Asks: 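The structure that follows is given in the form of structure tokens.
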Amino acid sequence: MSEPPTGKVVLITGASSGIGAATARRLAADGHHVVLGARRVDRLASLTDEIHAAGGRADHRELDVTDLGSVRAFAAAAHERHGRIDVLVNNAGVMPLSPVAALRVAEWNQMIDVNLRGVLHGIAAVLPLMRERGEGHIVNVASTSAHRVDPTAAVYCATKYAVRALSEGLRQESRDIRVTVVSPGFTRTELTDRGGEAEARAAVRAAMEQLAIPASAVADAIGYAVGRPGDVDVSEIVIRPTAQG
């Protein structure tokens, strides 16, 4: 067991790109030890090396958030190595967009499995450990789509509304565990690169090219919430481009 002398032990899902990778860089720069999880292990290894080269602390492990066993093993390995888990950033997500009438049921299920079930799996893996210690912080990445519904995004919005509701319910049930939901607007990530209908994907990409903020802006918001004292719970952050309607 190698417990870092300062900073928090932070687990980050979906850490191979986008908001997850940016959050890893930001939190490592803030002095925390980041534990990175995703399916693309080669990218995790590169990011871990990058953080080490910058003087930060990081390690990584392959992770599939749709598999409860994989998430539990990810959390257990971090707990065994570092002696505690201070923060979980539930970030992994997918967004294949299409009208409901297109009946892309496999993609509906993928969004439910990654965006909602993956968050639940993360909570299930770390909450008992945090409750045993009497402290901890769970950060769930939702979306401005948890606040509004747009055509072609109905199922995606439904999963993000659910994450927001779940976060608020967990917060109300907790007196020693902090819960934060972060809802980004248009952000430059790989979220729209795979799946969905080509027309919907092209429309979102066009909007992102005009409006999107860097993933580092969302990482800064997460860093702010993580950095507050233990008796201060930043319950919700909505962060979007100034020009986004």
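The model shown is predicted, which means the values in this text are computed figures rather than measured ones.
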Asks: Heavy atoms, side chains only, cut-off 4.5 Å: are Val35 and Val9 in contact?
Replies: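 A side-chain contact exists here, since the closest heavy-atom pair is under 4.5 Å.
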Asks: How about Met111 and Pro96: do any of their side-chain heavy atoms sit closer than 4.5 Å?
Replies: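 The answer is yes; the side chains approach within 4.5 Å.
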Asks: Holding to salt bridge (charged side-chain N to carboxylate O under 4.0 Å, His left out), I want the full list of residues that pass it with Arg72, two or more places apart in sequence or in another chain.
Replies: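 Listed in chain order: nothing, the list is empty.
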Asks: How close do Leu68 and Ala124 get, counting heavy atoms only, and between which atoms?
Replies: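 Result for this residue pair: CD1-CB, 4.4 Å.
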Asks: Under 3.5 Å, is there a donor-acceptor pair between the side chain of Thr187 and the main chain of Gly185?
Replies: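 Checked: pair present.
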Asks: Going from NZ on Lys160 to OG1 on Thr144, what distance comes out if it is rounded to the nearest 0.5 angstrom?
Replies: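 The NZ atom of Lys160 sits 10.5 Å away from the OG1 atom of Thr144.
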Asks: Going by the side-chain contact (heavy atoms from CB on, under 4.5 Å) test, name the single residue among Asn90, Asn91, Leu88, Val182 that passes it with Asn140.
Replies: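 Exactly one option meets the side-chain contact (heavy atoms from CB on, under 4.5 Å) with Asn140, and it is Asn90.
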Asks: Contact between Glu62 and Ser70 at the side-chain level, heavy atoms closer than 4.5 Å - yes or no?
Replies: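 Of all side-chain heavy-atom pairs linking Ser70 with Glu62, none is under 4.5 Å.
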Asks: Please give me the minimum heavy-atom distance between His60 and Ala45, naming the atom from each residue.
Replies: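 Closest approach of His60 to Ala45: CE1-CA, 3.6 Å.
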Asks: Locate the shortest heavy-atom distance separating Met130 from Ile138; write the atom from each residue and the value.
Replies: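 The pair with the smallest heavy-atom distance is SD-CG1, 4.0 Å.
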Asks: Considering only heavy atoms from C-beta outward, does the side chain of Arg57 approach that of Ile51 to under 4.5 Å?
Replies: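 Side chain of Arg57 against side chain of Ile51, heavy atoms only: no contact under 4.5 Å found.
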Asks: If we ignore hydrogens and angles and just use 3.5 Å, is the side chain of Thr180 paired with the main-chain N or O of Val139 as donor and acceptor?
Replies: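 No, the answer is negative, given that no donor and acceptor are paired below the 3.5 Å cut-off.
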Asks: Would a hydrophobic clustering, with Ile, Leu, Val, Met, Phe, Trp and Tyr connected at side-chain separations under 4.5 Å, put Leu36 with Val218?
Replies: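 Yes, Leu36 and Val218 fall within the same hydrophobic cluster.
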Asks: Without swapping roles, check the side chain of Arg26 against the backbone of Ser216 for a donor-acceptor pair under 3.5 Å.
Replies: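 No: the side chain of Arg26 does not pair with the backbone of Ser216.
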Asks: Which atoms form the tightest heavy-atom contact between Pro184 and Ile19, and what is the distance?
Replies: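 Answer, listing the atom of Pro184 first, then Ile19: CG-CD1, 3.9 Å.
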Asks: Is it true that atom CD of Glu132 has more than 12 heavy atoms of other residues, nucleotides or ligands lying nearer than 6.0 Å?
Replies: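 12 or below, so no.
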Asks: Indicate if Val155 and Leu120 have the same hydrophobic cluster label, given that clusters are the connected sets of ILVMFWY residues with side-chain heavy-atom separations under 4.5 angstrom.
Replies: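 Same cluster: Val155 reaches Leu120 through Ile, Leu, Val, Met, Phe, Trp or Tyr contacts under 4.5 Å.
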Asks: With heavy-atom distances below 4.5 Å as the criterion, would you say the side chains of Asp86 and Val10 are in contact?
Replies: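 Counting from C-beta outward, Asp86 and Val10 never come under 4.5 Å.
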Asks: With the 4.5 Å side-chain cut-off for hydrophobic clustering, are Val126 and Leu116 part of the same group?
Replies: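 Hydrophobic grouping puts Val126 with Leu116.
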Asks: Using the rule given for side chain to side chain contact (heavy atoms under 4.5 Å, CB included), can you reason through Ser183 versus Arg240, listing the C-alpha separation, both sets of side-chain angles and the distance that settles it, and then say yes or no?
Replies: CA-CA 8 Å; Ser183 293; Arg240 56 165 66 92; over 6 Å; no
Asks: Which distance, rounded to the nearest 0.5 Å, do you find between the CG of Leu11 and the CD1 of Ile85?
Replies: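 CD1 of Ile85 is found 5.0 Å from CG of Leu11.
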Asks: Within the structure provided, determine whether Asp113 and Val94 are in side-chain contact (heavy-atom separation under 4.5 Å).
Replies: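 No; the side chains remain at least 4.5 Å from each other.
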Asks: Mark yes when over 12 heavy atoms from residues, nucleotides or ligands other than Arg39 sit less than 6.0 Å from its CZ; otherwise mark no.
Replies: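 Open: at most 12 neighbouring heavy atoms sit under 6.0 Å from CZ of Arg39.
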Asks: Around atom CD of Glu199, are there more than 12 heavy atoms of other residues, nucleotides or ligands at under 6.0 Å?
Replies: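 No, CD of Glu199 has 12 or fewer neighbouring heavy atoms, counting only those of other groups under 6.0 Å.
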Asks: OG1/Thr23 to CD1/Ile222 distance, rounded to the nearest 0.5 angstrom?
Replies: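 Thr23 atom OG1 to Ile222 atom CD1 measures 3.5 Å (nearest 0.5 Å).
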Asks: Any side-chain heavy atom of Val226 within less than 4.5 Å of one from Asp30?
Replies: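 Not touching, per the 4.5 Å side-chain cut-off.
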Asks: Can you tell me if Asp59 and His82 form a side-chain donor-acceptor pair at under 3.5 Å?
Replies: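 There is such a pair (donor and acceptor under 3.5 Å, judged by atom type) between the side chains of Asp59 and His82.
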Asks: Does the side chain of His121 come under 3.5 Å of the side chain of Asp67 through a donor N or O and an acceptor N or O?
Replies: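 The answer is no; no qualifying pair exists.
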Asks: For the hydrophobic clusters of this structure (ILVMFWY residues joined by side-chain heavy atoms under 4.5 Å, transitively), does one cluster hold both Val163 and Leu170?
Replies: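 Val163 and Leu170: one cluster.
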Asks: Check the surroundings of atom OH in Tyr224: do more than 12 heavy atoms from other residues, nucleotides or ligands lie under 6.0 Å from it?
Replies: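 Not buried by this count: 12 neighbours or fewer within 6.0 Å.
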Asks: With a 4.5 Å heavy-atom cut-off, do His147 and Glu236 have their side chains touching?
Replies: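 Of all side-chain heavy-atom pairs linking Glu236 with His147, at least one is under 4.5 Å.
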Asks: Under 6.0 Å from the CZ atom of Arg228, do we count more than 12 heavy atoms belonging to anything else shown?
Replies: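 Yes.
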Asks: If you compare all heavy atoms of Leu47 against all heavy atoms of Ala15, which two are closest, and at what distance to 0.1 Å?
Replies: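 Leu47 and Ala15 have their closest heavy atoms at CD2-O, 3.3 Å.
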Asks: Between Arg171 and Val179 (side chain of the first, backbone of the second, donor and acceptor by atom type, cut-off under 3.5 Å), is there such a pair?
Replies: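 The answer is no, because no donor-acceptor pair under 3.5 Å joins these two groups.
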Asks: Just verifying a value: how many Å separate Gln110 CD and Thr159 OG1, rounded to the nearest 0.5 Å?
Replies: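 If we round to the nearest 0.5 Å, Gln110:CD and Thr159:OG1 are 11.0 Å apart.
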Asks: Within this structure, what is the CD-CD distance for the pair Gln244 and Gln210, rounded to the nearest 0.5 Å?
Replies: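 Here the interatomic distance stands at 12.0 Å.
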Asks: Can you hop from Val114 to Met95 via hydrophobic side chains spaced under 4.5 Å?
Replies: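 Shared cluster, yes.
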Asks: How long is the straight-line distance from OH of Tyr156 back to CG of Leu97, given to the nearest 0.5 Å?
Replies: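 Going from CG on Leu97 over to OH on Tyr156, the span is 8.0 Å.
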Asks: Using 4.0 Å as the upper bound for N to carboxylate O, is an ion pair formed by Arg133 and Asp176?
Replies: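 Salt bridge flag = no for Arg133 with Asp176.
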Asks: What are the two closest heavy atoms between Ala212 and Pro241, and how far apart are they?
Replies: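 Answer, listing the atom of Ala212 first, then Pro241: CA-CG, 4.3 Å.
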Asks: Please check if the side chain of Thr152 supplies one atom and the backbone of Ser98 the other of a donor-acceptor pair under 3.5 Å.
Replies: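 Flag not set: sc Thr152 to bb Ser98 has no pair under 3.5 Å.
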Asks: Ignoring hydrogens and geometry, is there a side-chain-to-backbone donor-acceptor pair from Arg178 to Val232 under 3.5 Å?
Replies: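 Present.
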